Asks: 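Before anything else, here's the structure in question.
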Amino acid sequence: MKNQKSGAILPLVCLLFLALSFIFCALLHSTRVLMPRVTYYEKCLQEQYDAESAILLSLFRVPASQSKKHYPIVILDTLGPWLVLKSKAGEREVKAFAGFYSSVKTPPFSRLELEQAETRCMLFYQEQWRKESYIDTLFGTTHYYKPQIKDFPGVLYVAAGDLSISLQGERFSKVAFYVEGDVLIEGEGILDSLSLYATGVISLSGQIKIYDANLYARGIINISDQIEARGVFFSEDSVVLPFSKSVGLPFWSNSRDDIENKDSTFYAVDLAHENPLRIFSWSVE
């Protein structure tokens with residue numbers, strides 16, 4: 001009887017041994033496949049770390065010669081009111097956007113300096129849109145209801161007409177228009193990037209989130225209470241914001257009321273003088 005039990009257990013032990021051998025071989029194979037990928041990602045992560053470190057050293061004016069490590073070159077540029085710092089991370093490029101973060105109640109600059117910085121930024125956006133190349137031209141009043149991604153293939157030009165966009169919960173990576181008329185964007189949705197130039201009025205209403213806005217209007221820019229936005233809002237007339245509005249950072253406009261209830265906010269790099277700048281956004285492309 002005891003021999004029969006031993007004979008019954010033997011196949012079970014052999015089956016368990018085969019199963020463990022199969023799992024062990026599979027683990028060895030997966031390790032051989034994963035190791036080159038792990039090395040690749042480790043290299044990419046180190047390159048990104050070096051690029052970010054180089055940008056931080058440049059921003060805080062620390063000479064690279066003080067470090068024993070060799071860091072990539074940092075290129076400085078401006079985009080509207082912000083400073084852009086770029087550095088290579090292998091085949092990718094790391095970008096950092098910085099501004100001057102300061103007290104609203106006791107800013108270290110004069111009203112005249114603020115107006116000069118605003119004028120420079122307005123001229124920048126005027127020139128930027130003048131040189132823009134448009135992927136298509138739309139004639140007359142244009143309306144989008146429940147738009148799709150294919151409706152916004154690039155920067156579009158609306159000639160001699162108004163533009164209205166009614167969002168119904170959609171999300172878009174980029175919406176960009178030059179409009180010879182008024183612009184109305186309403187409804188509910190998310191815009192990762194919104195760039196508008198309007199010869200008339202720009203109105204934003206509804207439950208819309210805008211993570212990076214560049215708006216320029218010759219008329220009024222009117223932002224309703226439910227809009228969540230960050231970016232640059234410039235008007236040759238005025239920017240109207242509700243007093244209860246809580247905007248994201250950075251948010252800068254030539255409105256005199258947009259920062260009334262804030263303790264501090266981001267300003268153009270022009271106003272920093274010798275004061276340090278602060279990075280508010282990173283991107284890797």
Side-chain angles (χ1 to χ4, degrees), residues 79-82 97 99 118 121-122 124-126 128-129 132 134 138 141-149 151-152 154-158 161-262 265-266 268 280-281:
L79 182 62
W82 315 127
F97 298 85
E118 290 171 352
C121 289
M122 292 177 75
F124 168 83
Y125 286 109
Q126 289 173 357
Q128 184 186 46
W129 282 101
E132 188 65 74
Y134 306 103
L138 310 174
T141 297
T142 303
H143 177 68
Y144 292 92
Y145 177 77
K146 296 184 68 173
Q148 301 178 10
I149 294 177
D151 293 326
F152 306 128
V155 183
L156 298 170
Y157 179 30
V158 178
D162 300 333
L163 169 68
S164 63
I165 301 175
S166 181
L167 300 174
Q168 304 295 315
E170 298 86 1
R171 179 170 186 165
F172 298 96
S173 59
K174 183 175 182 180
V175 175
F177 281 92
Y178 184 109
V179 182
E180 290 184 345
D182 297 336
V183 176
L184 169 63
I185 300 180
E186 59 183 353
E188 179 180 356
I190 298 176
L191 305 177
D192 293 329
S193 173
L194 175 65
S195 297
L196 294 176
Y197 187 107
T199 60
V201 174
I202 294 178
S203 299
L204 305 177
S205 65
Q207 296 180 330
I208 299 174
K209 294 182 180 181
I210 307 170
Y211 294 117
D212 181 22
N214 292 288
L215 272 60
Y216 187 101
R218 293 180 184 169
I220 294 173
I221 295 179
N222 192 1
I223 303 175
S224 74
D225 189 48
Q226 293 180 308
I227 297 292
E228 295 182 26
R230 52 177 286 186
V232 183
F233 299 75
F234 276 97
S235 166
E236 294 182 16
D237 190 315
S238 60
V239 179
V240 180
L241 283 164
F243 290 110
S244 61
K245 183 66 210 155
S246 175
V247 295
L249 292 176
F251 184 96
W252 198 54
S253 79
N254 58 335
S255 166
R256 294 293 171 244
D257 301 322
D258 62 339
I259 56 177
E260 206 169 85
N261 297 322
K262 292 184 178 180
T265 190
F266 277 96
F280 58 78
S281 180

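Bear in mind that the values here come from a model prediction, so they are computed numbers and not experimental data. In what follows, residues are counted from 1 in the order of the sequence shown.
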Asks: Of all the heavy-atom pairs spanning Gly80 and Cys121, show the shortest one and how long it is.
Replies: C-SG, 3.9 Å
Asks: Search all heavy atoms of Val179 against all heavy atoms of Gly161 and return the closest pair with its distance.
Replies: CG1-O, 3.4 Å
Asks: In Å, rounded to the nearest 0.5 Å, how long is the span from CG of Leu163 to CG of Leu156?
Replies: 9.0 Å
Asks: Walk me through it: do Tyr134 and Trp129 pass the test side-chain contact (heavy atoms from CB on, under 4.5 Å)?
Replies: CA-CA 10 Å; Tyr134 306 103; Trp129 282 101; 3.9 Å; yes
Asks: Measure from the side-chain N and O atoms of Thr199 to the backbone N and O of Gly181, and report whether any donor-acceptor pair falls under 3.5 Å.
Replies: yes
Asks: Find the distance between CZ (Phe233) and CD1 (Ile202) and round it off to the nearest 0.5 Å.
Replies: 9.0 Å
Asks: Not counting sequence neighbours, which residues clear salt bridge (Lys or Arg N to Asp or Glu O under 4.0 Å) with Arg218? List them please.
Replies: none
Asks: Minimum heavy-atom separation for Leu167 to Pro147, with atom names?
Replies: CD2-CG, 3.8 Å
Asks: Restricting to side-chain contact (heavy atoms from CB on, under 4.5 Å), what partner residues turn up for Gln207, sequence neighbours left out?
Replies: Glu188, Gln226
Asks: Give me the atom names and distance for the closest heavy-atom approach of Ser253 to Glu118.
Replies: O-OE2, 4.0 Å
Asks: By side-chain contact (heavy atoms from CB on, under 4.5 Å), which residues pair with Ser205, not counting sequence neighbours?
Replies: Leu184, Glu186, Ser224
Asks: With distance as the sole test, does Asp162 use its side chain to make a donor-acceptor pair with the main-chain N or O of Asp182 at under 3.5 Å?
Replies: yes
Asks: What is the distance from atom CZ of Phe234 to atom CD1 of Ile221, rounded to the nearest 0.5 Å?
Replies: 9.0 Å
Asks: State, to 0.1 Å, how close Ser235 and Met122 come at their nearest heavy-atom pair, and which atoms those are.
Replies: O-CE, 3.8 Å
Asks: Under the side-chain hydrogen bond (donor to acceptor under 3.5 Å, both in side chains) rule, what pairs show up with a residue in residues 166-176, not counting sequence neighbours?
Replies: Ser166-Gln168, Arg171-Asp192
Asks: Which value, rounded to the nearest 0.5 Å, describes the distance between Ile185 atom CD1 and Ile208 atom CD1?
Replies: 6.5 Å
Asks: Sequence neighbours left out, what passes side-chain contact (heavy atoms from CB on, under 4.5 Å) with Asn214? Give chain and number order.
Replies: Tyr125, Ser195, Asp212, Val232
Asks: Check side-chain contact (heavy atoms from CB on, under 4.5 Å) between Leu79 and all other residues, then give those that pass, not counting sequence neighbours.
Replies: Val84, Phe97, Phe124, Gln128
Asks: Could you tell me whether the side chains of Tyr197 and Gln126 share a donor-acceptor contact shorter than 3.5 Å?
Replies: no
Asks: With sequence neighbours left out, what residues match Glu132 under side-chain hydrogen bond (donor to acceptor under 3.5 Å, both in side chains)?
Replies: none
Asks: Taking atom types as modelled and ignoring hydrogens, do the side chains of Glu236 and Tyr216 form a donor-acceptor contact shorter than 3.5 angstrom?
Replies: yes
Asks: Between CD1 of Ile165 and CG of Leu191, what distance do you get to the nearest 0.5 Å?
Replies: 7.5 Å
Asks: According to side-chain hydrogen bond (donor to acceptor under 3.5 Å, both in side chains), who are the partners of Ser164, at least two apart in sequence or on a separate chain?
Replies: His143
Asks: Give me the atom names and distance for the closest heavy-atom approach of Thr265 to Phe251.
Replies: OG1-O, 3.6 Å
Asks: Restricting to ring-ring contact (aromatic ring centres under 6.0 Å, His included), what partner residues turn up for Phe280, sequence neighbours left out?
Replies: Trp82, Phe266
Asks: Asp151: which residues meet the salt bridge (Lys or Arg N to Asp or Glu O under 4.0 Å) condition with it, sequence neighbours left out?
Replies: none
